[in-house]
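Structure first, then comments.
So you know, we letter chains A, B, ... as the sequences are listed, proteins then strands, and number each from 1.
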Number of protein chains: 2
Amino acid sequence: MNNTGDRRRTIYDVAKAAGVSISTASNALNGTGRTNAETRERVRRVAEEIGFRPNALARGLLSKRSHAIGMLTNDTYGRLTLPMAAGVSEVLVDHGVSVFLCATNNDPRLAQQHLEALLDRQVDGIIFTATRLDLTPPVQLSRLPIPVVYVFAEGPADSVTFFPDDEQGPRLAVDHLKELGRSRILHITGPRDYLAARIRAQSYLDACGDGAEAMFGDWSEEWGHEAVQTVFARPGAKPDAIFCGSDEIARGVIDALRDLNVEIPTDVAVVGFDNWEVVARQTRPPLTTIDMELKELGHRAGLAILSLSKGEPVPAGITRLPCRLVVRQSCGSPLRSD
Amino acid sequence: MNNTGDRRRTIYDVAKAAGVSISTASNALNGTGRTNAETRERVRRVAEEIGFRPNALARGLLSKRSHAIGMLTNDTYGRLTLPMAAGVSEVLVDHGVSVFLCATNNDPRLAQQHLEALLDRQVDGIIFTATRLDLTPPVQLSRLPIPVVYVFAEGPADSVTFFPDDEQGPRLAVDHLKELGRSRILHITGPRDYLAARIRAQSYLDACGDGAEAMFGDWSEEWGHEAVQTVFARPGAKPDAIFCGSDEIARGVIDALRDLNVEIPTDVAVVGFDNWEVVARQTRPPLTTIDMELKELGHRAGLAILSLSKGEPVPAGITRLPCRLVVRQSCGSPLRSD
DNA sequence: TTTTTCTGCTAAAAGCTTTTATCAGGGATC
DNA sequence: GATCCCTGATAAAAGCTTTTAGCAGAAAAA
């Protein structure tokens, strides 16, 4: 009948072992109320000894803050979501906040189910993240009793939203290419109906000026390949640099250039977008590309939802976080690969 | 002062609105105890109307089961983890169980911090998953008061562990190649110190018999490329098929073969391992490969931890889940790509 | 008519923590 | 010596749900 051995220790055990009341134990452990320094030390020592850890459920029940948030994603492969989620949880674990991961597969019914589960758990907030930019959430998130932060996805007009800076990123690429003396820069990117593709293309056009050309297609290697074949088959001057809307496209571009016996970077320099290492590191030569700083995006989103959940104000609207140029060898820079 | 409007509805509100006691409301909603059918209906209707949803914290506090589990991963890029996690959460959400995602980055301190947070939250169990097979968990998981399930990672001797079937997978590949008339099958795979690489290679050797050769290297495209160059540079008979230990390696193999003007699949058939679509779909020709059924692995792990958390027995030891052959065009099958 | 059984409901406890209000006692002040 | 204030503690309530024990009334059995 004596099962105290494997029961979890409660604050009651601490109080008893330290010879004080429950309230004193609580006060001592949390540094609240008035406690004698000596008592406080004793209680803390005892708590440590018997391995007391407060029950987060009881705590949350009382404080009405569960110190947990939900992350709703419709990304299936995790290439964007997981690095971001790692950033979110990395920054939040220090504040004692944990993250529920809910993969919706873009299924509204599943999303709804996850959402209700999150609300039942009294999460302090929700981060919604999508892989596609123009996509609306698969579930109604606007009239929730808890704050919502959007990453890689657009919420309602006055919502808190984070994106990589799709204007600054392309400028980094173009500036880098210009510094290396390239002047005829071509842009090959994804579908025109992706907002990110449009923004990046426009920024590229603004940075390059006359003679610039943006080719829209798919987010695929195949499209990169095809686009290069088209360009090099037609008459007229050939580009001396290609800035791609994704690393996958860049991969196709590089392959196509090699098929055409065009030297990289001597004849044509190539810049990608994503810094998806498993692609960017494996191209020959390794790809200079734009990193969207997914982890940092996660950090910021995590901090935002933390502030919001405490009732602190957070500037509404879209915040665009700067991208970073990662120099490898596809542009002829003498720098070592990272 | 009247803030009842935005307060969450509790069972107290339901009881009041239905004109019954709290206990009756609870019994009616959960179908426990003795309740008049009419009362039960009324209570349920009222609950529905005012939008009552039980507070999972209070429920968990009482039942000592939080209906949440933790997933500890050291995968950084998410290629294995996220599909698996999606499988886990998909199967668990139907049982009212949510999943905490904890990315450890292989940092023991961070892992410990996450683990403690999970225990404080009274999670009903933990799924530990690693990307590398021989890796020990970055944190002590063996003496926990809650069950642990290992996926893609080896736990202590008597633990519940799931892996893809690294013996059956290679047999699928070899059998497929043999059926297509290939006889000189070469295996190019990752490092010898990866258990998975060794098992797959041995299974390949057993299936191929005399003349079979396994080349160990890296899990990289570059290694696939290099290995092909080596093989085709040396004298003697050339392989008519190459079975690769990963899709990335296969990618390098295919590129190298094309560089050598070897026709795929006419001269050499290629099979990969992973069915990592973003690679397998983009090779030219698209890659026939082995799918590890990550989502199914997640389903099984989720169900296992669910059973364990209820105290139901689950067979200990390593369970290996069958892989699936995905036929595309790199082996010359006439089937359409999927 | 009295006793038993069943039905439908309710009060109260338990789960664990934090917070509020209160209390006893000791020292300082007048 | 009486009053006041301060310190260091404590009891109790609150947070929300489920479960246990029990109660009142009606129907069935004796």
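Among the protein residues, A:Ser63 comes within range of no part of the nucleic acid, since none of its heavy atoms lies under 4.0 Å from any strand.
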Can you build the contact string for nucleotides 16-27 of chain C? Use B for base contact, S for sugar-phosphate-only contact, and - for no protein heavy atom under 4.0 Å. BBBB--------
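In this structure, the salt bridge (charged side-chain N to carboxylate O under 4.0 Å, His left out) partners of B:Arg320, at least two apart in sequence or on a different chain, are B:Asp166. Judged as a side-chain contact (heavy atoms from CB on, under 4.5 Å), and not counting sequence neighbours, the contacts of B:Ser98 are A:Phe100, A:Ala117, A:Arg121.
Using a 4.0 Å cut-off, some side-chain N or O of A:Ser21 falls inside it from OP1 or OP2 of D:dT10. For C:dG8, the OP1/OP2 oxygens have no side-chain nitrogen or oxygen of B:Thr35 closer than 4.0 Å. Dashed line: the shortest gap from a side-chain N or O of B:Thr39 to OP1 or OP2 of C:dC9 is under 4.0 Å.
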Report all side-chain donor-acceptor pairs from residues 84-96 of chain B shorter than 3.5 Å, counting only partners two or more places apart or in another chain.
| unit_1 | atom_1 | unit_2 | atom_2 | d |
| --- | --- | --- | --- | --- |
| B:Glu90 | OE1 | A:Asn105 | ND2 | 3.4 |
| B:Glu90 | OE1 | B:Lys295 | NZ | 3.3 |
| B:Glu90 | OE2 | B:His299 | NE2 | 3.0 |
| B:Asp94 | OD1 | A:Gln113 | NE2 | 2.9 |
| B:His95 | ND1 | B:Val91 | O | 3.2 |

Using a 3.5 Å cut-off and no angle test, enumerate the donor-acceptor pairs between side-chain atoms of residues 309-316 of chain B and protein atoms at least two apart in sequence or in another chain.
| unit_1 | atom_1 | unit_2 | atom_2 | d |
| --- | --- | --- | --- | --- |
| B:Ser309 | OG | B:Arg65 | NH2 | 3.0 |
| B:Ser309 | OG | B:Ile305 | O | 3.4 |
| B:Ser309 | OG | B:Leu306 | O | 2.8 |

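One distance of note links CZ of B:Arg40 with OG1 of B:Thr24; it measures 12.0 Å at 0.5 Å rounding.
As rounded to whole Å, 11 Å separates atom P of C:dG8 from atom CD of B:Glu38.
Screening residues 12-50 of chain A for ring pair (Phe, Tyr, Trp, His ring centres under 6.0 Å), with sequence neighbours left out, gives no hits.
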